[in-house]
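The structure under discussion appears below in the form of structure tokens.
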Amino acid sequence: MVERRLTSHTAPPLVRLALLGCGTVGEGVVRLLRRNAEMFQRKLGASIELAGVADRSLKPDPSLGLESRLITRDAASLVARPDIDIVVELFGGLEPARSLMLKALESGKDVVTANKALLAQKGDEIFRTAARYGRSVGFEASVGGGVPIMRTLREALAGDRQRAVYGIINGTCNTILSLMTDAGAEFAEALHQAQQSGLAEADPTLDIEGHDAAHKLCLLVALAFGVLLKPTKVYTEGISRVTLADINFARQLGYSIKLLAIAKDDGSAIEARVHPTMIPQRHPLAGVAGAFNAIYVQSEALGPTMYYGQGAGQLPTATAVLADVLEIARHRCAGSNTSAPALGYPATVVKPGRVKPMDDVLSEYYLRFMARDQPGVLGAIASVLGRNRISIASVIQQGRGLTGTVPVIMRTHEAAERDLKRALSSIGKLKMVEPSPTLIRIEEQL
Ligand SMILES: NC(=O)c1ccc[n+]([C@@H]2O[C@H](COP(=O)([O-])OP(=O)(O)OC[C@H]3O[C@@H](n4cnc5c(N)ncnc54)[C@H](OP(=O)(O)O)[C@@H]3O)[C@@H](O)[C@H]2O)c1
């Protein structure tokens with residue numbers, strides 16, 4: 001319901017927003033709504049009005065235009081108001097965000113959210129509800145912060161078939177790996193520095209163990225391939241076991257280590273995985289440092305394209321939220337009563353797809369064994385690898401170690417994960433090699 005004021009035929013129509021959550025991103029939305037009000041009015045031919053803000057800890061702030069009459073703790077009543085057109089959900093978390101979004105859609109409102117955790121886990125229900133009620137769900141801000149990747153996949157690349165998507169989509173992990181690479185910090189020290197500078201949470205588990213990137217990858221897969229995956233289907237390994245030694249060996253081999261979210265579609269199954277990955281130093285993704293995000297998309301006819309920018313933060317993320325608000329407001333102002341499918345495919349078409357088991361995934365590998373410094377070690381390891389159809393591309397063997405063991409580094413040619421696991425299990429039984437070698441997958445051909 002976009003209101004047309006009847007008092008004067010020159011008065012522009014109004015699009016009314018309800019904001020749920022005025023924390024980091026919500027405050028950015030309020031700031032940009034104020035700063036760009038005139039530009040939005042010119043772009044839309046309508047005014048966007050912040051009609052109410054639900055937040056349990058927000059205080060009135062006249063400098064932001066947040067008067068006490070706008071603020072409530074009762075989010076359900078705000079969502080139920082008939083004068084609201086668009087509900088902007090920035091609470092985060094699963095509940096009450098999920099129920100409030102469903103209520104908004106069921107009552108004819110459109111929804112904009114940045115909540116990747118919710119969409120990855122409950123997206124099927126939310127997108128189906130939006131389709132049933134002919135409403136929109138904007139979620140540009142949920143992946144890549146300010147990087148416009150969702151709309152790009154849904155619209156700009158819609159005329160082509162996507163083959164693979166590679167994302168650096170967790171700024172915390174990228175910051176930590178950059179500190180390790182550029183400043184020579186060990187993991188714990190780099191994490192501590194990232195926490196001190198506000199780039200990592202006090203409890204960083206969701207980020208450093210790869211779960212946040214897995215949530216975002218589910219949304220990239222949905223838009224790139226029209227398949228809805230649950231995060232539990234994404235092979236997920238974080239960066240907490242990456243050591244400075246591995247970063248330095250990677251450099252010697254010509255690679256950088258990044259936490260990559262990787263999705264590929266070979267036509268029969270989807271590969272979806274998040275793990276530390278060695279990529280050639282010359283690849284554009286290797287130059288993405290600190291809190292920046294980048295998504296590298298391989299499309300069949302177009303070839304590779306890359307999207308790069310601020311992956312989080314108040315104003316960058318708020319720009320993505322407002323881009324969705326403007327798109328929806330345009331539809332509303334045009335009197336359109338239906339919405340384009342949120343995932344670029346009708347909700348009836350988007351189904352769970354077959355996920356390739358990790359055992360079947362082919363990759364090249366970096367392996368670091370800690371082995372006794374004695375003759376025959378290299379041969380023993382190489383022979384087990386050979387018996388399991390894994391051929392070695394290069395080896396780095398270092399001199400005497402103070403602890404009695406020395407690192408033996410091997411880079412393999414492409415092999416199936418199943419064969420590699422079998423080989424590592426056999427090598428783990430060799431007396432001269434410490435158990436649990438380090439394994440980092442290499443993406444040479446991206
Ligand atoms: N921050 C970023 O750069 C960024 C980037 C991309 C996406 N996102 C996503 O954007 C969303 C918001 O993130 P944020 O960083 O802005 O979070 P935030 O700073 O924690 O803000 C959330 C606000 O909502 C309030 N709130 C949460 N649940 C509520 C409830 N049930 N009732 C009333 N108030 C409630 C919080 O109050 P309390 O403080 O009292 O809890 C807080 O003021 C999340 O889904 C996040 O994943 C964030």
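When a ligand or atom number is given, it counts from 1 through the structure's own listing order. Residue numbers count from 1 along this sequence. Quick note: numbers below take in every heavy atom, side chains included, and nothing from hydrogens, waters or symmetry partners.
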- Charged N to carboxylate O under 4.0 angstrom, Asp110 versus Arg332? yes
- Query: When you measure from atom 32 (N) of ligand 1 to every protein heavy atom, which one gives the shortest distance, and what is it?
  - Reply: Phe91 CZ, 3.4 Å
- Message: Hydrogens and angles aside, do Thr129 and Glu125 bring a side-chain donor and acceptor to less than 3.5 Å of each other?
- Response: no
- Query: At a 4.0 Å threshold, what atoms of ligand 1 neighbour a non-hydrogen atom of Gly21?
  - Reply: 23 (C), 24 (O)
- Task: Report the part of Val25 (side chain from C-beta onward, or backbone N, CA, C, O) that has a heavy atom under 4.0 Å from ligand 1; answer both or neither where that applies.
- Result: both
- Item | Salt bridge Lys230-Asp124, side-chain N to carboxylate O under 4.0 Å | yes
- Query: Salt bridge between Glu327 and Arg330, side-chain N to carboxylate O under 4.0 Å?
  - Reply: no
- atom 17 (O) of ligand 1: protein heavy atom closer than 4.0 Å? no
- May I ask you to check whether over 12 heavy atoms, not counting those of Glu201, lie within 6.0 Å of atom CD? no
- Task: For the pair Arg273 and Glu237, find out whether any cationic side-chain nitrogen is under 4.0 Å from an anionic carboxylate oxygen.
- Result: no
- Residue, atom name and distance, where the atom is the protein heavy atom closest to atom 37 (O) of ligand 1: Ser57 OG, 3.3 Å
- Protein heavy-atom partner closest to atom 23 (C) of ligand 1 - residue, atom, separation in Å: Asp55 OD2, 3.5 Å
- Query: Counting heavy atoms only, which part of Ala141 comes closer than 4.0 Å to ligand 1: side chain, backbone, both or neither?
  - Reply: backbone
- Message: Checking a contact table here: which protein heavy atom is nearest atom 15 (O) of ligand 1, and how many Å away?
- Response: Thr24 CB, 3.6 Å
- Message: Can you confirm whether the side chains of Asn293 and Tyr308 place a donor and an acceptor under 3.5 Å from each other?
- Response: no
- Task: Tell me which protein heavy atom sits closest to atom 3 (O) of ligand 1, plus the residue, atom name and distance to 0.1 Å.
- Result: Gly313 N, 2.8 Å
- Query: Does atom 20 (O) of ligand 1 have a protein heavy-atom neighbour under 4.0 Å away?
  - Reply: no
- Message: I'd like to know whether ligand 1 has Pro96 as a neighbour, heavy-atom separation below 4.0 Å.
- Response: yes
- Item | From Ala318, Gly92, Ala117 - option closest to atom 44 (C) of ligand 1 by heavy atom | Gly92
- Message: Please list, in number order, the atoms of ligand 1 under 4.0 Å from a heavy atom of Ala312.
- Response: 3 (O)
- Query: Of all the non-hydrogen atoms in the protein, which one sits nearest to atom 47 (O) of ligand 1, and at what distance?
  - Reply: Lys116 NZ, 3.2 Å
- Task: State, without any angle test, whether Asp266 and Ser268 hold a side-chain donor-acceptor pair at a distance under 3.5 Å.
- Result: yes
- Task: State which residue, out of Tyr296, Tyr166, Tyr255, fulfils the ring-ring contact (aromatic ring centres under 6.0 Å, His included) condition with His283.
- Result: Tyr296
- Message: Taking the basic N atoms (NZ, or NE/NH1/NH2) and the acidic carboxylate oxygens, is any pair closer than 4.0 Å for Lys264 and Glu443?
- Response: yes
- When distances are taken from atom 33 (C) of ligand 1, the protein heavy atom at minimum range is Arg56 N, 3.3 Å
- Message: What protein heavy atom lies closest to atom 10 (O) of ligand 1? Include the residue and the distance to one decimal.
- Response: Ala114 CB, 3.4 Å
- Task: Counting heavy atoms only, name the option from Asn293, Leu90, Leu19, Thr72 that's nearest to atom 11 (C) of ligand 1.
- Result: Leu90
- Message: Under 4.0 Å, counting heavy atoms only: does Ala75 come that close to any atom of ligand 1?
- Response: no
- Task: Tell me yes or no: between the side chains of Tyr235 and Glu271, is some donor less than 3.5 Å from an acceptor?
- Result: no
